[in-house]
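The analysis underlying the following values was restricted to heavy atoms, covering all of them including side chains, and did not include hydrogens, waters or symmetry mates. Keep in mind that this is a model prediction, so the values were computed, not measured. Remember, it's 1-based here, ligands and their atoms both numbered in the order they're listed.
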Amino acid sequence: MTSDEGVPTPGSGHRRGPVLLRRGQIPTMTADERLLAAPRQGASWLHEDPWRVLRIQSELVEGFGALAEIGPAMSVFGSARVGPDHPEYALAERVGRGLANAGYAVITGGGPGVMEAANKGANQAGGVSVGLGIELPFEQGMNQWVDLGVNFRYFFARKLMFVKYAQGFIVLPGGFGTLDELSEALTLVQTHKVTEFPIVLVGSSYWQGLLDWLGGPVRAHGMIGHLDLDLIRLVDDPDEAVALVVERDAQLRAAEDAAVVEAAAAQRAAGASGDV
Ligand SMILES: C/C(=C\CNc1ncnc2c1ncn2[C@@H]1O[C@H](COP(=O)(O)O)[C@@H](O)[C@H]1O)CO
């Protein structure tokens, strides 16, 4: 045992990991005794934060485990509220199909509307169709076109998966949920928390107003930088959206590969000159 100054002082306190406990702080029961004791306090701890932390951790573990091997993928966002007869349903279906044909898994929120349509397109084209469902008070269930589905209790754990396993984003018209996902992607790229990835909006009549506002008052007030809007592309044709994300992804991968080759060459050169 060491004191908190690191001086050996046998028996001077009780340590629990990095925590030192002395006098009245020293527990009267061991951890094993507490674990094995008959429950006295009911089950309210199931709804408290320490237990939630474990559930969050398990969502991350399950999500990483399920998605780690899906290969190259793109996330598709858009309204949960459009039915199969809506023109945007057809657009999303084409996006899903195009991405699958280009060799990308399609990741959606696994719900109805645009999500269902993109999953349908991917599934029917023989691609990997992924749904990241979310537990909601009005349960909708995973749409039938999802082949690999993971259900989340927490929005933030699910949003991490959309970003971690996708090489780009295609965003169709949508409401708050879609805006939240778009804004998350933009913020991560803008703040360099992730390497740049392509973000393409589909539907100029829907999105142009947002882009005008961002490029007008938002930029004029200095709330975004001059180059920040360059992170977004806007198109009407779903095939063009697919082509843009695929092309940009290929450019970014080529740049990454070139950087790796360059770093290896620099390391070799340093080794040869005896600098290492
Ligand atoms: C409101 C309705 C269904 C809700 N079900 C959802 N299932 C899965 N994912 C959802 C759902 N609702 C929103 N999302 C996520 O947000 C985006 C769409 O939200 P918006 O507000 O409709 O734009 C979407 O990308 C999902 O990730 C239907 O009655």
Tell me, which protein residue and heavy-atom name are nearest [atom], and how many Å apart are they?
{"atom": "atom 15 (C) of ligand 1", "result": "E181 OE2, 3.4 Å"}
{"atom": "atom 29 (O) of ligand 1", "result": "Q140 NE2, 4.0 Å"}
{"atom": "atom 4 (C) of ligand 1", "result": "L136 CD1, 3.6 Å"}
{"atom": "atom 19 (O) of ligand 1", "result": "G177 CA, 3.3 Å"}
{"atom": "atom 1 (C) of ligand 1", "result": "F138 CE1, 3.8 Å"}
{"atom": "atom 22 (O) of ligand 1", "result": "A80 N, 2.9 Å"}
{"atom": "atom 14 (N) of ligand 1", "result": "M115 CE, 4.0 Å"}

Enumerate the atoms of ligand 1 whose separation from the nearest heavy atom of [X] is less than 4.0 angstrom.
{"X": "G175", "value": "20 (P), 21 (O), 23 (O)"}
{"X": "G111", "value": "7 (N), 8 (C)"}
{"X": "G174", "value": "23 (O)"}
{"X": "T178", "value": "17 (C), 18 (C), 19 (O), 20 (P), 23 (O)"}
{"X": "S79", "value": "22 (O), 23 (O)"}

Does R158 approach ligand 1 within less than 4.0 angstrom via side chain, backbone, both or neither, non-hydrogen atoms only?
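Contact part for R158 vs ligand 1: side chain (C-beta onward).
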
If we set the cut-off at 4.0 Å for heavy atoms, which region of L179 has an atom near ligand 1: side chain, backbone, both, or neither?
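No part of L179 comes within reach of ligand 1.
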
Would you call [X]-[Y] a salt bridge at under 4.0 Å N-O?
{"X": "D228", "Y": "R219", "answer": "no"}
{"X": "R253", "Y": "D257", "answer": "no"}
{"X": "R233", "Y": "E240", "answer": "no"}
{"X": "E196", "Y": "R248", "answer": "yes"}

Look at the aromatic rings of F77 and F162 and report parallel, tilted or perpendicular, splitting at 30° and 60°.
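Perpendicular: the ring planes of F77 and F162 meet at over 60°.
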
Check the pair F156, Y154 against ring-ring contact (aromatic ring centres under 6.0 Å, His included), reporting the backbone distance first and the verdict last.
CA-CA 6 Å; F156 58 86; Y154 298 101; 5.6 Å; yes

Flag the pair V245 / I199 as yes when at least one side-chain heavy-atom distance between them is below 4.5 Å, and no otherwise.
no

Grouping I, L, V, M, F, W and Y whenever their side-chain heavy atoms are under 4.5 Å apart, do F197 and V171 come out in a common cluster?
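Yes, F197 and V171 fall within the same hydrophobic cluster.
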
Taking V235 as the starting point, is it possible to reach L99 by hopping between hydrophobic residues whose side chains are less than 4.5 Å apart?
yes

Which of these, G109, G78, G131, has its nearest heavy atom closest to atom 8 (C) of ligand 1?
G109

N/O of I134 under 3.5 Å from N/O of ligand 1, yes or no?
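No, since none of the N or O atoms of I134 sits under 3.5 Å from an N or O of ligand 1.
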
Is it the case that over 12 heavy atoms from other parts of the model lie below 6.0 angstrom from the CD atom of E69?
no

